[in-house]
Amino acid sequence: MKKLASLGLAAAMATSVMAAGHDFEINVSKKGAPIQSTMYGIFFEDINYAADGGLYAELLINRSFEFPNHFAGWDISGKVKLMADGPFDKNPHYVRMEPAGHNDKHTMIENRGFFGIGVKGGEEYRFSMWARVPDGGNAKIWIDIVENATMGEDQKLGNVGIDISGKEWKKYTAVIKPRRSFDSAHLRVWGDGRVTTDLEHISLFPTDTWKGRENGMRKDLAQALADLKPGVFRFPGGCIVEGTDLETRYQWKNTVGPVENRPLNENRWHYTFTKRYFPDYYQSYGLGFFEFFQLCEDFGCEALPVISCGLSCQYQNSIRDEKKVHVAVEDLDPYIQDALDLIEFANGDVTTTWGKVRADMGHPEPFNLHYLGIGNEQWDEKDNPVFTSRLKRFMDVLSKKHPEIKYIGTTGPDSEGWKFDLLQPRMKELGVDLYDEHYYRDENWFLGKAKDRDGNPLNCGAMRYDSYDRKGPKVFAGEYACHGRGKKWNHFETSLYEAAFMTGFERNADIVHMCTYAPLFAHVKGWQWRPDMIWYDNQNMFKTVSYYVQQLYGQYKGDNVLACSMDKKPIAGQDGQDGLFATACFDNEMNAVIVKVANVSDADQEVKFAWTGKAKDLKAGFKSAEQITLRAVGMDDENSLDNPLKITPKTEVIEANANEFKIPAKSFQIYIFKK
Ligand code: AHR
């Protein structure tokens, strides 16, 4: 092995010789492409009960009685009537509770939450409802958090009474403190049986939400997102942006303003996979565009909303029915107007129509929107530019009126193939700033070994972007995850391959400007799609190994790529490199050189780092260094609710100028050398 160029103290180590290994040469002076602040982000879609029943901390299902089955999620007894002339015009239904007819009988409604209601003993829960006594008088309403699982004397975990008076609708609130924890409680609302009472928008939140907000997010889940240090946040989907039909597409205007008056929408994930069918899965929009923007602000990241381009889901709708299921190109104006209004909602001052809506919601300052996605997984037919004809209409108007915004198109649902081949050049022609690529692919693809049906190698793995056109739009890898063949869960092996693959993002930071793993969230009892990054039940959550991979990239993002070679050859994919994938960067704030290496082979690998560059940069050496290791005992090992910390990154301090390392078989290592 050659004598290594080394920094300061490392000279001492240069005498040791390794039997076999690989030499990395990293130029600490030559700062390459900047790594964008948006590089590693998060993608939110309401799939797997990610919003209602997940991040959105509301504990009651169907709180406004607007599900098509108006009592879905509710058990009723006594004299309960459904009424339809309530105080909120977009959610007009409410319940009338009449006296049950005898002092010993009670009219009662009971909500079962999302797979039950998770409560923690000793913590506070804010109950609220709108109510009135239509015939006058005073009513007493009891609110009980109950459980039926134990043999205790009293089902109540906690309760509170509320006095209702007045014929006008008013909002009532009360705090309940359950005596002990329970993950599948119910909420019971019942009257003293004497006075007819109307109830609407019945709601229960933990008071301890993320940042203590009333219409807040589940704290543990929001914290997990913040801990990713995301640079960009794409929302609100995914396929739900498009809708199964235009009527059910995501319309952002329905998701802002008072929560009581945000109309319900269906959620396509309730019926998409008939093997996992969830008839009570709807979108309440309690988590809407205002809340998404607010989260972006909390996380200090760029917001990236995606809007419908006038095409409903192309998987679900044959293009033969184009006129019926999609908006004709000449009728797109209202859709384009929605996009313009969204920019005004985010950035307009308080005197504008939509800026005022934002201000009325408590945020007079602009949200500083810089990015907008147009369409999700859209594509052109070979003989019909279904998507690009629409995208062009949007681009013609938007880029003129708002040149300050960066627009994001798409290369469709596939990482390669005819749809991709058609769209990629068209994105360049249309002048979008970035295009969104999606790939849920297997191990071979992530390792750069996948072939097409004719045996030709696909452009995949960590070298995918090495050959991309440098003059085209930038890349947003908007949805990706390694799906293990025959296994579709978050086991260690697939996460390791994601880590290896992501070295290609960093090395190609000149054109890859954003990437977001998908999907983000899943309720263990309500998932439709896996793998996912973060899993939870009603009380607890766990982070998958893929989460930790994303977090490590986010935390050790760096500011500029550093030139890094292996055995005097440029770093690319796996071939000829013994299953090693690597990349190096410089981080200004840490004043550190960061080297990331994934070893996907079955053997431990000995490596040596040689530092090159200007004498002044090499002279002082490093002051301190750390090594972070992510590895597991078995390739199928995974984190779980029972064992959430089974596989986590381990950090150790290493000698500042060490330069010889053993990269364990099947591991991901990060080295941080601080100057
Ligand atoms: O992430 C799940 C789905 O995968 C998204 O909704 C869609 O964009 C893709 O097909």
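Remember, it's 1-based here, ligands and their atoms both numbered in the order they're listed.
- Residue, atom and distance of the protein heavy atom nearest to atom 10 (O) of ligand 1 are Glu377 OE1, 2.7 Å.
- With ligand atoms numbered from 1 in the order given, ligand 1 contributes 7 (C), 8 (O) to contacts under 4.0 Å with heavy atoms of Asn376.
- Contact annotation: for Ile240 versus ligand 1, there are no heavy atoms closer than 4.0 Å.
- A salt bridge is absent between Asp183 and Lys525; no separation between the charged side-chain nitrogens and carboxylate oxygens falls under 4.0 Å.
- For the pair Asp333 and Arg393, the salt-bridge criterion is met [side-chain N within less than 4.0 Å of a carboxylate O].
- Using a 4.0 Å cut-off between heavy atoms, Trp269 contacts ligand 1 through its side chain alone, with no backbone atom that close.
- Residue Gly238 approaches ligand 1 through these ligand atoms, each under 4.0 Å from one of its heavy atoms: 5 (C), 6 (O), 8 (O).
- At the shortest separation from atom 6 (O) of ligand 1 among protein heavy atoms lies Glu45 OE1, 2.5 Å.
- Residues forming a ring-ring contact (aromatic ring centres under 6.0 Å, His included) with Phe501 (at least two apart in sequence, or on another chain): Tyr439, Trp445, Phe446, Phe505.
- Figure legend: cation-pi geometry between Lys219 and Trp210 absent, as NZ or CZ is not positioned both under 6.0 Å from the six-membered ring centre and within 45° of its axis.
- The closest approach between Pro519 and ligand 1 falls below 4.0 Å for a heavy atom of the residue.
- Looking at residues two or more places apart in sequence or on another chain, you find no salt bridge (charged side-chain N to carboxylate O under 4.0 Å, His left out) involving Lys406.
- The existence of a salt bridge linking Arg63 and Asp52 is excluded, since no basic side-chain nitrogen approaches an acidic carboxylate oxygen closer than 4.0 Å.
- Cation-pi contact between Arg464 and Phe420: present, with separation from the ring centre below 6.0 Å and deviation from the ring axis of at most 45°.
- If you check which protein heavy atom lies closest to atom 1 (O) of ligand 1, you get Tyr440 OH, 2.7 Å.
- Protein heavy atom at the shortest distance from atom 3 (C) of ligand 1 is Glu479 OE1, 3.7 Å.
- Considering backbone and side-chain N/O atoms, Cys239 comes within less than 3.5 Å of an N/O atom of ligand 1.
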